[in-house]
Each structure stands twice: as structure tokens, then as C-alpha cells.
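Data first, discussion second: the structure below is written as C-alpha cells.
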Amino acid sequence: MTNPDPKGPDPKGRGGRPSVCFLYIAQTHQILHSLPIAIALAKGWPDIDVQIATTTQEHLDYVRELLETLKVPPIPSRLLPPAWLRSLRLKGASTPPKALMLAANARRLARYDAVVTPERTTALLRKLGVKDTKLVYTQHGAGDRGGPFEPRLKQFDLVMAAGPKQRDRMLDEGWVTPQTCAMVGYPKFDIIDALPGSPLPVFAQAKPLVVYNPHFHPTLGSWPKWGRRILEQFAADDRYNLIFAPHIRVFEGADPRTIEALAPFVGHPRIHLDLGGPAAIDMTYTRAADIYLGDVSSQVYEFLRTPKPCLFLNPSHADWRGDESFHHWLYGPVVDSPEGVIDAVASAQRGHGDYVEAQKRGFAESFDLRETPSSVRAAQAIVDRLPAMKNASR
């Protein structure tokens with residue numbers, strides 16, 4: 001439910017209970033990484049007042065839809081003010097300016113005992129004078145690239161790690177300490193397993209299914225240099241069905257000409273395009289696909305929940321061997337040219353046995369999964385490490 005009061009509730013006004021705000025100010029795909037923690041915290045610790053705040057109606061609607069589908073007790077949820085700022089978009093972004101929304105709501109967010117977020121811009125609250133509220137960063141993926149390992153992590157009171165790979169790198173590089181880091185597994189798996197899943201595309205003929213998942217990185221991502229040629233090859237070759245499901249940010253704010261370039265592939269009997277719908281973020285495609293084709297997206301790890309063939313694209317001709325930011329390229333062949341990509345996919349299928357053990361090791365390093373659900377472990381980490389909540393009962 002939303003709060004009709006535009007000034008919002010007093011988070012500490014509910015009988016003095018500890019209060020936690022789950023904040024969503026970035027793209028929709030991040031919601032699935034922390035919402036299961038909010039659900040676990042609300043269900044398991046009734047003495048804690050759990051609330052959800054978003055900066056777009058689309059985010060709020062998606063959260064409500066998920067909560068309704070899961071049939072969980074309602075969690076108070078609302079839009080952050082002001083309305084004029086919520087409608088502002090810069091450079092084609094799909095969300096309001098994050099820094100401005102944080103500045104406009106800093107005093108409001110400071111009333112919570114903790115603010116939980118799946119993105120790092122929220123660290124700005126420290127510079128905006130929010131000192132006593134605990135900041136919790138859940139992460140929104142378990143990839144290898146070095147970008148997420150950066151100084152803003154030091155502003156968080158608690159940083160979650162999906163597995164030993166993330167935890168050890170953050171510790172080794174000095175971004176967290178053993179006291180500010182908790183290895184909790186991957187809460188997204190909990191909510192994905194509980195949801196029915198989005199509808200899959202229907203192809204004219206049953207064929208091995210490839211998911212092409214380029215990242216938005218300006219140089220390491222394969223779409224700008226190679227993407228159209230790759231789609232053209234799949235359109236001309238009848239060996240595979242293809243789902244083109246780029247990272248949601250690839251086409252965020254794209255100019256009309258970029259979208260028009262996809263026109264030849266719309267309605268193709270062997271190609272399905274999804275530029276950011278629910279199925280592109282809820283693992284529908286990564287679970288259904290037989291082969292992964294991509295570059296540096298962390299979604300490859302979600303695909304490898306079951307070991308399957310992978311083929312990686314290196315458009316920047318990166319010197320990747322021995323670089324931990326490209327560790328996932330050990331899970332399948334890497335090609336330095338888009339030409340002959342269909343043959344390369346077929347070769348990756350035939351040679352998958354050479355990579356199965358590496359995939360299994362990589363998955364285990366990335367996700368510390370245990371009998372206790374990851375979302376419950378993450379909720380427990382919040383309760384354990386934030387003093388205002390230590391007296392809250394489960």
C-alpha cells in the first residue's frame with residue numbers, strides 16, 4: 001500500500017519499533033536483489049517496521065505486483081517526493097536523477113534506523129548529512145568486473161557478499177572489514193524460485209535456444225560494435241532460436257534510430273527481442289536457454305546455476321587471461337571476431353564438457369548457498385549488525 005501523506009510517515013512513530021527502509025532509486029532489475037530481504041525481515045522479525053520507498057510509479061507497481069503474486073503480508077510502500085522531480089529524466093534515463101532524489105529526501109531517510117539499497121549511489125547520503133542511519137548495500141549481481149569494488153563501499157555499515165569471491169576481493173582490496181561485510185548467498189534466487197516466471201516466447205520450430213545478453217559497458221560490451229552483425233547471422237542461419245535480451249541499460253534512453261536498427265528482426269520466426277521486460281530480469285531466459293552468448297554481464301552466473309555451454313565475445317580485444325575481472329571467460333570459448341559466430345556457438349556446444357568443472361567451481365565461489373534461505377541470512381545480518389535492532393524479536 002502507498003502512504004497518502006506526501007510528507008511521508010515518521011519511521012520512528014510506530015511504537016518506537018526499529019525501522020528499515022528498502023530504497024529503490026535505480027533500474028527495475030535491482031528490485032529483485034533486495035526485495036526478498038525485505039520480505040524475510042518483515043515476516044521473520046515482526047518487531048521491526050519494514051517499509052519500501054521508490055522514486056517511480058513503475059517501480060512501485062512492480063513491487064506491489066511481486067508482493068501480491070507471492071501472497072506475502074503487505075509491506076507499506078510509497079513514492080518519495082517531490083512529484084516534479086519524480087517526473088524529471090536526464091539524458092534519456094529511465095529514472096529520476098538519483099543524487100537529486102537523495103538530496104530531496106535526505107532528512108526523511110535520516111529518520112530510519114537503516115536504509116537498505118541494491119545500488120551504491122545511496123552512499124551520497126553521508127555527504128548529505130545522514131550520519132546516524134545505518135546504510136546497507138545488498139549488491140545486485142555476483143559478477144567479476146572491478147567496477148563495483150570501489151571507495152563508496154566504505155560508506156556502508158553493512159555490505160553483503162553473495163559468496164567468497166565477492167567477500168574476499170572486497171576484504172583484500174580494503175573496501176570492507178570483517179565487521180562491515182556479511183556473506184549471505186544470493187537472495188534473488190529465493191524470490192525467483194517462489195515466482196511463477198514470465199511467459200516464454202513461442203518459436204515456429206523447436207531448436208536449441210541461445211540467449212544473447214550483451215552488457216552496457218561502452219567498450220567491453222559487444223552490442224555497439226558487433227551486435228547487429230550477430231543478429232544478422234542468427235537471422236540467416238536456421239540452426240538456433242535466439243532470444244536477444246541485453247542488459248536493461250543497453251537501450252535505456254536510446255535514440256529512435258538505434259531502436260529502428262532492430263526493425264529487420266522484429267517478427268522473425270527464430271528471433272525474439274526483449275529490451276527490458278520482466279522476463280529479461282527475472283531469469284526466465286537464463287533458465288530456459290541452452291546456450292549463453294555474452295560478454296561481461298554478471299547474468300552469466302545466474303545462467304550457470306545449471307552448467308551449460310557458454311560463448312564469450314571480446315570486441316575490445318582485451319588481454320583478459322589472468323585478469324580476475326574476466327574470470328567468467330574461463331567457462332567457455334572466447335572469440336575476438338563476430339564472424340562465424342554460429343559455428344562458434346556450435347563448437348561451444350560440442351566442447352562444453354571441457355568447461356563443466358570450471359563452471360561448477362566458479363558458481364560455488366560466487367554463491368554461498370546453504371539450507372537457510374539467502375534472504376533470511378541477509379535479514380539476520382541486518383538485525384545482528386545494526387545495534388538499534390538487536391532487541392527486536394524474531
Side-chain angles (χ1 to χ4, degrees), residues 26-30 56-59 61-62 86-97 198-205 207 209-286 288-289 291-300 311-317 335-345:
Q27 290 78 19
T28 309
H29 68 287
Q30 296 187 5
T56 74
Q57 187 65 47
E58 292 78 11
H59 284 50
D61 291 344
Y62 187 50
R86 288 201 305 268
S87 66
L88 181 64
R89 301 291 184 272
L90 301 178
K91 298 180 181 178
S94 63
T95 57
S198 300
L200 277 167
V202 178
F203 293 99
Q205 296 182 28
K207 298 176 183 292
L209 181 60
V210 178
V211 59
Y212 176 29
N213 174 229
H215 194 262
F216 63 88
H217 193 285
T219 56
L220 300 177
S222 57
W223 172 251
K225 289 184 178 179
W226 293 0
R228 185 178 172 86
R229 278 184 285 173
I230 288 172
L231 293 184
E232 288 171 346
Q233 290 179 66
F234 276 97
D237 193 302
D238 66 1
R239 281 179 277 179
Y240 297 96
N241 290 327
L242 176 75
I243 292 175
F244 176 57
H247 190 288
I248 195 171
R249 292 181 61 183
V250 170
F251 286 90
E252 182 184 36
D255 62 75
R257 288 176 298 177
T258 302
I259 304 296
E260 289 169 6
L262 295 172
F265 311 106
V266 175
H268 191 285
R270 294 190 306 278
I271 297 178
H272 175 75
L273 308 177
D274 189 334
L275 305 187
I281 63 176
D282 66 10
M283 291 180 56
T284 292
Y285 299 146
T286 52
I291 305 122
Y292 181 90
L293 177 64
D295 35 64
V296 294
S297 175
S298 65
Q299 286 187 55
V300 66
L311 178 69
F312 299 103
L313 306 168
N314 184 10
S316 67
H317 301 286
V335 296
D336 296 316
S337 167
E339 306 309 324
V341 70
I342 309 294
D343 288 337
V345 167

Under the 3.5 angstrom rule, does the side chain of Arg229 hit a backbone N or O of Glu339 as a donor-acceptor pair?
no
For residues Arg228 and Phe265, determine if any side-chain heavy atom of one lies less than 4.5 Å from a side-chain heavy atom of the other.
yes
Can you tell me how far the CZ atom of Phe216 sits from the CD atom of Glu252, to the nearest 0.5 Å?
9.0 Å
From Leu311 atom CG to Ile342 atom CD1, the distance as rounded to the nearest 0.5 Å:
10.0 Å
Phe312 and Leu293: side chain to side chain contact (heavy atoms under 4.5 Å, CB included), yes or no, with the steps?
CA-CA 6 Å; Phe312 299 103; Leu293 177 64; over 6 Å; no
Asn314 side chain to Val335 backbone, donor-acceptor under 3.5 Å:
no
Non-hydrogen atoms of Pro246 and Asn213 that approach each other most closely:
C-ND2, 3.9 Å
Quick one: list whatever passes ring pair (Phe, Tyr, Trp, His ring centres under 6.0 Å) with Phe234, sequence neighbours left out.
none
Just verifying a value: how many Å separate Thr56 OG1 and Arg86 CZ, rounded to the nearest 0.5 Å?
9.5 Å
Over all atoms of both residues, closest heavy-atom pair of Ala261 and Pro264:
O-CD, 3.3 Å
dist Phe203:CZ -> Ile243:CD1 (nearest 0.5 Å) comes out at 5.0 Å
Any chance you could lay out the side chain to side chain contact (heavy atoms under 4.5 Å, CB included) test for Val345 and Tyr240, step after step, and finish with the verdict?
CA-CA 9 Å; Val345 167; Tyr240 297 96; 3.7 Å; yes
Let me confirm one number: the CG-CD1 distance from Leu275 to Ile259, rounded to the nearest 0.5 Å.
5.5 Å
Those residues that, when tested against Ser337, pass side chain to side chain donor-acceptor pair (under 3.5 Å) (two or more places apart)
none
Could you check whether the rings of His247 and His29 sit parallel, tilted or perpendicular, using 30° and 60° as the cut-offs?
perpendicular
Is a donor on one side and an acceptor on the other found under 3.5 Å between the side chain of Gln233 and the backbone of Pro338?
yes
Are the side chains of Val210 and Asn241 in contact, using a 4.5 Å heavy-atom criterion?
no
Quick one: do His272 and Leu242 satisfy side chain to side chain contact (heavy atoms under 4.5 Å, CB included)? Show the steps, please.
CA-CA 6 Å; His272 175 75; Leu242 176 75; over 6 Å; no
Can you tell me how far the CD1 atom of Ile230 sits from the CH2 atom of Trp223, to the nearest 0.5 Å?
8.5 Å
Which atom pair, heavy atoms only, marks the closest approach of Ala289 to Val211?
CB-CG1, 3.6 Å
Take Thr95 and His59 through the side chain to side chain contact (heavy atoms under 4.5 Å, CB included) test and state the conclusion after the steps.
CA-CA 9 Å; Thr95 57; His59 284 50; 3.8 Å; yes
Please examine the side chains of Ser94 and Gln27, heavy atoms only from C-beta on, and report whether any two atoms are closer than 4.5 Å.
yes
Are any of the side-chain nitrogens in Asp237 or Lys207 under 4.0 Å away from the carboxylate oxygens of its partner?
no
Assess the side chains of Ser222 and Tyr212: does a donor N or O sit below 3.5 Å from an acceptor N or O?
yes
Quick one, Val250 and His217 - any side-chain contact, counting heavy atoms below 4.5 Å?
no
Do Asp295 and Leu220 make a side-chain contact, defined as non-hydrogen atoms from C-beta onward lying under 4.5 Å apart?
no
Plane angle bin for Trp226 and His317 - parallel if under 30°, tilted between 30 and 60°, otherwise perpendicular
perpendicular
